[in-house]
Structures are given as structure tokens and as C-alpha cells.
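Below, read A as the first sequence line, B as the second, and so on, with proteins coming before strands; counting in each chain starts at 1.
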Amino acid sequence: MAYPFGEIEKKWQKHWADKKTFRAENKSVKPKYYALDMFPYPSGAGLHVGHPLGYIASDIVSRYKRLKGFNVLHPMGYDSFGLPAEQYAIQTGQHPEKTTKDNIARYREQMDKIGFSFDWEREVRTSDPNYYKWTQWIFIKLFNSWYNPETDKAESIDTLIPKLKNFSSLSEKEKSDTLMNYRLAYLSEAWVNWCPQLGTVLANEEVKDGVSERGGYPVERKLMPQWSLRITAYANRLLNDLENIDWSESIKESQRNWIGKSEGSSLKFQVADSKLGIEVFTTRPDTVFGVTFLTLAPESELLSELTTAENKKAVDEYVHYAKNRSERERQSDVKKVTGQFTGAYAIHPFTGEKLPIWIGDYVLAGYGTGAVMGVPAHDSRDHAFAKHFGLPIKQVVEAPKDWDIQKESFDAKEGKCINSDLINGLEVKDALKKIISEIEKRGLGKGKTQFRLRDAIFGRQRYWGEPIPVYYKDGIPHVMEENELPLVLPEVDKYLPTEDGEPPLARAKNWKHQGKYEYEKTTMPGWAGSSWYYLRYMDPQNKNEFAGKDALNYWKDVDLYIGGAEHATGHLLYVRFWTKFLFDLGLIPVIEPAKKLINQGMIQGMSAFIYQSISENKLAPTLYLSNELLHKDDVRSDSFEKVEEIFVKSGLSNQEIKDVKYRPIRIDISNLKNENELDVEKLKSKKDFKDGVFFKEEDGRFLVLREVEKMSKSKYNVVTPDDICTNFGADTLRLYEMFLGPLEQSKPWNTNGISGVFGFLNKFWRLFHKGEEFDQFVISNDEPTKPEIKILHKTIKKIQQDIENYSFNTSVSAFMICANELTELKCNKRSILEPIVILLSSFAPHIAEELWEKLGHKESITFAKFPEFNEALMTDDSYDYPISFNGKMRFNMELSLSLTPAEIEKEVLANEQSKKFLEGKQPKKVIVVPKRIVNIVV
RNA sequence: GCCGAAGUGGCGGAAUUGGUAGACGCGCUGGUCUCAAACACCAGUGGGCUUAACACCUGUACGAGUUCGACUCUCGUCUUCGGUACCA
């Protein structure tokens, strides 16, 4: 008989909600602890078993910290603006707000069933006007700020104006345009990732492999006026401050790569017979004597002036080609070298040589100056370009012997400079210093640091996002007054772009600032609201401020932040950026949002595939083959003869039958009977499959192919936590998700081990109960024995250490060991069990509350005190020493811990068994490690 | 290509500063209980050798090395997963 988890869990979930057990106070004498989960986007698919993994971990820590006497802030909310709800709205006409509300209700219901200790009074939703009012407010602050390089922080734009020459004499439009070059939120013409299918631009990190991350649509480059945030101003600080936060090395490394700092020099090349100059950025100015050509990006503005008449046609054609080559193509054939000679030449600033000027799409317009100096001998890309177009290759750094510079470039930043005039003979490191100072002395350029990081495009041509609080007056953008916020998202008749290609907001009727001025029509990107939500949780109801000073100063920053690693270069970079910005303005007391970050591993799904026939002939019925049939060596098996028969009957010709192909298609895993067998009848009840002909294995089973993939609705492999809560209870789900393995590791979901965890909870329950049905609560008040005390203290120590190391899988094992040992001792003593219930309460709170109440406590176990362990009570007087000979363990020997190493040695050597292994020889050496091991070298 | 993480039984995974490899759980085998099943309980379970036991050999991706002693440290090789991709 299983313990009554159903009743218990319902009872305590209600109790916690009614009593507001987990309410956090903004004023407290207790130390604070802020445990934050990345809030979810409430998708229509509901919560799957991957979501709670991190939530359970942070919940364990939160409950543990409460027991340790902390005032814990553990909130939850919803990142509720975003594309899927809008796509759904376009399809169905249903307002995204409605969809979002419904989805949130479902998420909430699912989360409530798992027994999280969230303070629900602090819930935030980014799509709520009371919330996005402050997102807009921060945008206005960004607009009104610039980054002062001298103070190295953001300041009000007012401090910039006195530094600008002749500013007051400029026209309004000119003033606006000038300041736009400085504002941290600014409007500019920018090359963007335009996704025609989604009808919007995407940020760099929303594009994966040249297609949109959501939906997988092609992305092309387009020049458009765009609102952007000047995150690049913070590049250095975003990089340097990584040193001081306890985040995983892999996340820090991806941020470092994303920021991509490189040091080098700018260098100007004069164009021959022209006033034009071309500035390049290079990290290897030491190779300047190896330059044999220059390459410009196809987007370069200089092209029109540079290109000679006879090359104009070819250049135009190339530019056209390069522009229309989608990002995807560019990326998929990186190896393909393309380019075009402009006909123009540049003058080498040191040697005066004439260098041909080329364009090539391996040069990116957005990085550096959009121009590179070609040093084919020491840069593999330049090398490939030079080889392809037959340009000379000139070696200027010594390479290892037998290195054929014509065949392969020598890119390493080491060796002696050769053929290099004034830096001849210098090591690269020294040559760099010397040549940069020479470049600076001659006024050709200067030492420079370049970042890969680009400014973040902030506008989206979409409906379901925060309106940007900007209006246009005489073509000049103005931000709204703070007291006019929020700028509420207007109603529209359709969620599609207008016929003229304007964003959906252009459909809003009479939507004008003060009834006169056009509002900005783009909305903010998905990451806007999530860039500061951790602050709003501190004071979510505040009507006057984004959060009150007292709350901000009390909670400060997040102590533990848990979420997916996929946000490494998106959200996690933006939230750091906004934090630093708000700090610069004196609005918050911290420069980093989270001290500690843990990336929980992804819980993958097991997709199921079956083979489907595809034929050109429409008359052909669709056949489905069991997994193994296609892999049989003898394809002419009985089944295949039948397959052909069917096709013949449908009127297919021999050739058409030959052309029939089979492809694996995903089917919903709810159609499976067990691990790899399909319930054919169930699948046939679905309309897409009802006319299919299914071919089974000889034994009558229809097998599917299982493959581990990301768990997602579109892959039909989602497992929700609900069934487990119903069948085994939330406590089992919580323990099981932790027991699966280390938190940070990705793993496919399988329920094979769940009975073990469930069995443990029942066993634990039985420690407190007697009778046939284990329904009589019986506890003894006897004094505990020494072994019982030892078990208790060992467990306290282990659980505490494991929680502090976020090693939850091993704590679950420790609980199991503890229950096994106490069961063995038939221990039902209050003095042992009571503290263990407290330990367990962070992991399995419902059963713990119930037992706690039965133990006679009136208050929730949340307010109990975490027991302390005493090392002295855990140790025995003796230790069972493993005795090894030449490092090989041979036998064990129980020895008193009071013995000195010399005494141990004597005892061991005197032992009968030792004599056998010594074979009469004298031991060369005896190593005794007290309380560890004895090793005898023979 | 580059960066990061990781390779341990049939499976998920344990193993303090280098100190009994395989904890705990699943699965499997045998048994007790039961009319039967479920639950529960007991015993066993890396591989090899041996009729069997005692014992022995071998074993943490592979190959070397350091050490009294290596899953753990060093060097090299291979594989898998994740991130990233012409950033000059």
C-alpha cells in the first residue's frame, strides 16, 4: 500500500497558499537570500518535465536557506511577450493577450502541483502594462543617456552637450542627428537580419545557421532605420567584470567570445591618384610589410568612387551577387572564395608599393572598418583569397623549417620578422609594439581595441511586444514624458503587417501622441522585459518606481540564478548590460545581476519515428513500415512483396514502384504502447493516418525508431510532469528529477528509475507507521543508540554539503541510504526521525510537512531550524583498514583509531594474512595513512 | 576549424586533498509471502578463470609517464555532446 501522497499534497499546497507561508519580507533582520529561476515563456504546450528541473533545484536551496535562518526571496513570473502567441493570433484571430492568459493559467496550475515555495504575491508578467511601463521608462533613460569615455560610465545626455562644438547653432534636426550618435538608445540606418517570413528583423543571437531560431526561416541582410541599444559602449566592462562572478566557465567563455575583444591598430592606406584613404583594422600590424592587396566589404561606401570605369560593370555585378546571397548561403559555403578587383590601387604607407584594391564577401561590413589589409602569408583567409585570384604571397615572419608559405599561411603569432625593414629581426611581440608606435608617429593610424560585439537592434516589426515610447514631430524622434507612461499597446484589427509593409501597429486607429504625432511603430524585442525583471520582483507592486530604494538596497542582487545555457549570449548579456547602466545612473546598488549562475542541463525527449512511403503518384496509398523492416538484409521479404502488391493494385507502374522512397516521420509519443512499440490502432484513429497501410514485424509488433532530441512540441516528444504527479506524487517527481544525475548535465528523460524513488518515500513513511496498511502513526521517545546517532549526523552533514555544492542527486542517495539503515535498525525514535524530516523537507516538502504535523508541530516545517551535525558523534573508535600490498588491496583489518602509525604497522605485519602476502620477504616500505589505508611495498 | 564539457557495469550514475572503483537506484537472477498478481522482504549481480569454494587474474575510452598507490595528476591519441563560425 502506497502512502497517501494524493491527499497529503493537496492538503499542504492549500495550506501554504492560504497561510502565505512563503511570503518574503522586504524588511527583516535576517540575512537575505535571493534564489531566482529564469522565468518561462508561457507556451501553448504547457510545462514539460524539463522546465521544473531548475525550479526544483532552486526550490530546494530556497527551502534549505529558510531553515538556515535566511529571509528568502524566491519568486516566479512570466516572460509573456513573444512570437508564438502572435503567430497563433495571426492564424486564429485570437488576441495574444487571451492566449497568453490561458497559457499562464495552465503553467500556474502545473507549477502549483509540484509544490514550489514561490512567493506568488510577487509574480510579474512582462506583458502587463504595470510592468512594461517600467521597461519603457528604462528605455527613456537609455535614450537620454550617453556613455562618457572619460568617466567610463553612462551619464545624462545633458553632460555631453557642452562638449559638442557649435551645438547651439545647429538646427533641431541636426541636433537630433548629432545626439543620436551618442545616445544609448538610438535610431540609425543599420544592416539587419531581415526575416521575410516572420516579417521582422532578428537580433544576431536569434539567427542560427543563417535561419531564424524560431521557425527556421531564411534570413537576409537589409539596410533599415532601426532602434538600437549601444551595448558596445559596455563591451569592456561586460568583459572585465566576468572575472568577479561565479558563473560556469563555459558561459563566461561564450560571453568572452561573443564580445570578442581584439587588440591591434588602425592603419590608413592612401588610394593612388586620389584623395581617398582606406582605413583598415589589423591585429597584426607587424605583418604590414607582407601586405600585397587590400579587400573591402561589398557594402563599402567607397566603392562608387574607387571603382574604375572599366571595372564598374563587374563590380556592380559582384556587389549585387554578394547582397543577394543569403546569410545561409554565405555561411554554408564558407570555403568558397569570391571577390572582384576594383581597378584601383592603394599606396603602401611604408614601402610606397602599389597594392590592388579588391572587394570580397569574406570581409564583413559591420566589423572594424569593413576593410582589411591582405597579408596572405600570415592569414589563412587572405591566403585563400590570394591563391584564388593569383595575388602574390610575401612572407615576413619566419616559419618553421620546411613550411611552404605558398601552400599554407603561417598564422601563429610568434617568430622573427623578416623582409620587414625597420622591424627586421624582432620577435613578433616586440615588433608589434615598435610598429604601432611608428604608425602613430607617422600619423598613419593608432593602436586600437576592436570588439566583435555589435549594438543590439531593439525594434521588432511585430505586435506582441512593448511599444517603444517614441513619437515623431517634424520627422524628429522624441521620447515621451515619464509621467505619460505606460504607452499601452493599442488594439488592431489584424496582427499582420500592413499592405505597405508597415508593422502591425500601423493598423491602430487614432493612435497618436497627444492626438497629433505618429508613434514609433515597432515594438521591443523579447529580451527587453527580461533584462531587468529580477529587480521588479524586489518590489513588484510599486506604483511610483520600478522598485523602491529600500527594497533594492536590501535584496541587492541575485544570490543564485538557475536557467538554461541557451541564454548565454542573449539574455545573460543584456541583463548584465542593463544592470550596469542602471548602476551608472545611481538607480541600483550593484553592477552585476547574479553572483552565482547555474545552467541546468536540458532534459531531452525521445522522439519516435516510423517510416512513411512517398511516391510521385497520387493514387498510391501511404504505407508505414515497422522500424526493422527497412533494415532487414533481405529487402525482398514477405512484407515487401506485399508492399509491391499493394502498389500494383493501386495502378503504379514498375518504374513508379521503384521510385517509392521511405522517410522517417515523427509520431507523437503518446501513441506508443511501450518503449519502442507503436499502438497502431490508436495512431490510425488520427485523421492523418487513418488511410495508411501499416506493415508490422513478423511477430506482429510495429516497432518505432527512438532518437534523443530536444524536447519540444514540434517534435511530438513532450512529457509533462502532470502524469507523474498524479501517479506517484509531486514529492516523487521532485526527488526523481534530482536523482537523474548532476543538475548541469543534459540527459534524456526516462522514467525507468522512478519506482526506486517512490519506493524510498514509502519506506520513509513506514519508519513512522505501523499496522497492515501502515496507517498507525507510532513514534518512540526512547534515547537513541550510538549507531542511530551516527546515521543521523552523517546524513545531516552529507545533505548540507550536497545542497551547498548543488549536488542534489547524491543527497537523494544519502536519504535512501539513511532510510535503509534506519529500517534495518527498526528505528522509530523521535530524536532521530524528527531532524531527518527537516532535512527531507527541502526535497520532498509535502510528506515532510505531514510527518512534521503528526510529530505534533503546529507550525509549518518551513519555520523549523536546520539541524546541526557534530563530527564527534559520527566517528567510531575503530576503522576497517584496507591492507594493500604493492598498491593492491588484499584484505581488511579492524584497528583502533587511537593507534599511532607505528603501532598500526606493527599490528598489520603481525597479522597472519600479511605473512602470506609477504612470502617470507622483508617489506621494503610500509605506508600508513591514518583512517585511510595501509600499503606495504614488498 | 576554434572554444568548452565529458568518456566508469545491461542502464542512470557514486567515489573528500591521489588512498578498498562500481555507493544509491533501475534492470536482471534466485528465494520468502500469495490461489495468483501487485506491494514488501531476503540473497546475488563488472569481466575472466575454476566442478565448486578459498583464492587468483583483469578492469574507469586508448597509449605512455609520475607515484608506495592513479577514475583522479602530466603528455599524446581517439570518440561523443554542447557552443561558435570568414571578426582581419
Side-chain angles (χ1 to χ4, degrees), chain A residues 1-2 205 208-210 248-254 256-258 260-262 264 280-284 287 295 330-331 333-337 360-364 366-375 378-382 384-385 411 450-454 565-566 568-569 599 601-602 604 708 735-736 739-742 744-748 750-757 759-760 762-763 766 774 801 807 809-820 823 880-892 916 923-929 931-938:
Chain A
M1 208 20 218
E205 70 284 343
K208 293 258 146 76
D209 301 324
S248 76
E249 202 41 50
S250 66
I251 291 282
K252 291 207 228 177
E253 200 54 32
S254 6
R256 283 186 200 114
N257 291 340
W258 195 261
K261 182 177 184 171
S262 42
V280 303
F281 171 73
T282 174
T283 55
R284 295 295 303 275
T287 61
T295 315
R330 275 179 79 152
Q331 287 181 3
D333 43 35
V334 163
K335 296 269 142 54
K336 190 170 156 194
V337 178
D361 70 354
Y362 80 100
V363 179
L364 304 176
Y367 183 76
T369 59
V372 304
M373 60 181 212
V375 186
H378 305 291
D379 181 290
S380 52
R381 293 153 305 180
D382 294 341
F385 195 78
D411 294 12
Q450 191 70 45
F451 293 94
R452 198 184 84 114
L453 184 72
R454 315 283 171 82
E566 65 272 22
T569 50
N599 301 116
M602 208 175 8
Q604 292 138 323
V708 174
L735 283 175
Y736 185 61
F739 190 58
L740 230 37
E744 305 199 55
Q745 209 166 290
S746 287
K747 50 233 152 186
N750 77 76
T751 49
N752 291 345
I754 207 152
S755 63
V757 168
F760 154 72
N762 281 294
K763 199 171 203 172
R766 288 199 299 270
F774 288 100
Q801 282 181 347
S807 171
N809 55 327
T810 51
S811 359
V812 179
S813 301
F815 280 124
M816 289 173 170
I817 294 168
C818 173
N820 290 346
T823 303
D880 197 21
Y881 279 92
I883 313 298
S884 337
F885 289 79
N886 293 331
K888 273 184 193 136
M889 211 284 283
R890 295 301 181 176
F891 60 91
N892 286 65
K916 192 171 110 201
K924 252 191 220 153
K925 197 172 170 189
V926 179
I927 291 129
V928 176
V929 185
K931 227 193 149 186
R932 277 278 149 72
I933 198 171
V934 177
N935 189 21
I936 296 156
V937 188
V938 185

> Quantified in whole Å, what is the P atom distance between nucleotide B:rA23 and nucleotide B:rU74?
Replying inline: 28 Å
> Mapping A:Asn257 and A:Tyr881 to their closest nucleotides on RNA chain B, which lands nearer the 5' end?
Replying inline: A:Asn257
>> Heavy atoms only, 4.0 Å cut-off, all strands: where does A:Val937 land among base, sugar-phosphate and nothing?
In response: sugar-phosphate
> Nearest nucleotide by nearest heavy atom, which residue falls closer to the 5' end of RNA chain B, A:Ile754 or A:Pro882?
Replying inline: A:Pro882
>> It should be established whether A:Lys252 places a side-chain nitrogen or oxygen under 4.0 Å from OP1 or OP2 of nucleotide B:rC3.
In response: no
> Out of B:rC3, B:rC86, B:rA85, which has the shortest distance to the side chain of A:Glu253?
Replying inline: B:rC3
>> When the C1' atoms of B:rC71 and B:rG46 are compared, how many Å lie between them, rounded to an integer?
In response: 15 Å
> Hey, mind stepping through A:Val757 and A:Met816 against side chain to side chain contact (heavy atoms under 4.5 Å, CB included) and telling me if it holds?
Replying inline: CA-CA 8 Å; A:Val757 168; A:Met816 289 173 170; 3.9 Å; yes
>> I'd like to check the side chain to side chain donor-acceptor pair (under 3.5 Å) partners of A:Arg284; sequence neighbours left out, ordered by chain and number.
In response: A:Asp286
>> As a test of the definition: with a 90° window around 0 for syn, would you call B:rG47 syn or anti?
In response: anti
> In whole angstrom, what separates A:Asn935's CG from B:rG18's C1'?
Replying inline: 12 Å
> Whole Å only: how far is the CZ atom of A:Phe891 from the C1' atom of B:rA55?
Replying inline: 14 Å
> When you compare B:rG13 with B:rU60, how far apart are their C1' atoms, in angstrom units rounded to a whole number?
Replying inline: 13 Å
>> Can you tell me how far apart OG (A:Ser813) and CZ (A:Phe760) are? Round to the nearest 0.5 Å.
In response: 10.0 Å
> Where do A:Ser262 and A:Thr283 come nearest, in terms of heavy atoms and distance?
Replying inline: CB-CG2, 3.8 Å
> Roughly how many Å is it from CZ in A:Arg454 to P in B:rA85, rounded to a whole number?
Replying inline: 10 Å
> Under 4.0 angstrom, heavy atoms only, what part of the nucleic acid is A:Thr295 near: base, sugar-phosphate, or nothing?
Replying inline: nothing
> Tell me: CZ of A:Arg890 to P of B:rA55, nearest whole Å?
Replying inline: 11 Å
>> Would you measure the distance from the P atom in B:rA21 across to the matching atom in B:rC26 and give it in whole Å?
In response: 25 Å
>> Using the side chain to side chain donor-acceptor pair (under 3.5 Å) criterion, which residues pair with A:Ser380? Sequence neighbours excluded.
In response: A:Asp411
> Does B:rG83 have OP1 or OP2 sitting under 4.0 Å from an N or O in the side chain of A:Asn599?
Replying inline: no
>> Is the terminal nitrogen or CZ of A:Arg890 (NZ for Lys, CZ for Arg) located under 6.0 angstrom from the six-membered ring centre of A:Phe885 and within 45° of that ring's axis?
In response: no
>> Rounded to whole Å, how long is the line connecting atom CD of A:Glu744 with atom C1' of B:rG82?
In response: 13 Å
> A:Asn752 and A:Tyr736: which non-hydrogen atoms are nearest, and at how many Å?
Replying inline: N-OH, 3.9 Å
> Given B:rA14, B:rC24, B:rC68, which nucleotide is nearest the side-chain atoms of A:Ile927?
Replying inline: B:rC68
> Could you give the CZ-to-P distance, from A:Phe885 to B:rG69, as a whole number of Å?
Replying inline: 15 Å
> A:Thr751: what forms a side chain to side chain donor-acceptor pair (under 3.5 Å) with it, not counting sequence neighbours?
Replying inline: none
> Quick one: A:Asp361 CG to B:rA85 C1', roughly how many Å, whole number?
Replying inline: 15 Å
> Within the structure, does a side-chain N or O atom of A:Ser262 lie under 4.0 Å from either OP1 or OP2 of B:rA88?
Replying inline: yes
> Looking at residues at least two apart in the chain, or sitting in another chain, which of them share a side chain to side chain donor-acceptor pair (under 3.5 Å) with A:Asn820?
Replying inline: A:Lys763
Dump the pairs, protein N or O against N or O of nucleotides 5-13 of chain B, anything under 3.5 Å, distances to one decimal.
residue : atom : partner  : partner atom : Å
B:rG12  : O2'  : A:Leu740 : O            : 2.7
B:rG13  : OP1  : A:Gln745 : NE2          : 2.8
B:rG13  : O3'  : A:Asn809 : ND2          : 3.3

>> Say we look at B:rC81 and B:rU72: how far apart would their P atoms be, to the nearest angstrom?
In response: 24 Å
>> To the closest 0.5 Å, what do you measure between CG (A:Asn750) and CD (A:Gln604)?
In response: 11.5 Å
> Expressed in whole Å, how much space separates the P atoms belonging to B:rG48 and B:rA43?
Replying inline: 25 Å
> Which whole number of Å gives the distance between the P atom of B:rC24 and that of B:rA14?
Replying inline: 14 Å
>> Without decimals, in angstroms, what is the distance between A:Tyr367 OH and B:rA88 C1'?
In response: 7 Å
> When all nucleic acid strands are considered with a 4.0 Å heavy-atom cut-off, which category describes A:Ile817: base, sugar-phosphate, or nothing?
Replying inline: sugar-phosphate
>> From the set B:rC86, B:rA40, B:rA88, return the single nucleotide nearest to any side-chain atom of A:Phe281.
In response: B:rA88
>> Would A:Val926 and A:Ile936 count as a side chain to side chain contact (heavy atoms under 4.5 Å, CB included) here? Give the steps.
In response: CA-CA 5 Å; A:Val926 179; A:Ile936 296 156; 4.1 Å; yes
> When we call it a touch if two heavy atoms are under 4.0 Å apart, what does A:Asn820 touch: a base, just sugar-phosphate, or nothing?
Replying inline: sugar-phosphate
> Reckon A:Arg452 has a side-chain N or O less than 4.0 Å from the OP1 or OP2 of B:rC86?
Replying inline: no
> For A:Tyr367 and A:Arg452, which heavy atoms make the closest approach, and how far apart are they?
Replying inline: CE1-CA, 3.7 Å
>> Give me the distance, rounded to whole Å, that separates B:rC3 from B:rG10 when you measure between the C1' atoms they each carry.
In response: 35 Å
> Which stems does RNA chain B form, counting runs of 3 or more consecutive Watson-Crick or G-U wobble pairs with both distances under 3.5 Å?
Replying inline: B:1-7 with B:78-84, B:10-12 with B:24-26, B:27-32 with B:40-45, B:46-48 with B:56-58, B:61-65 with B:73-77
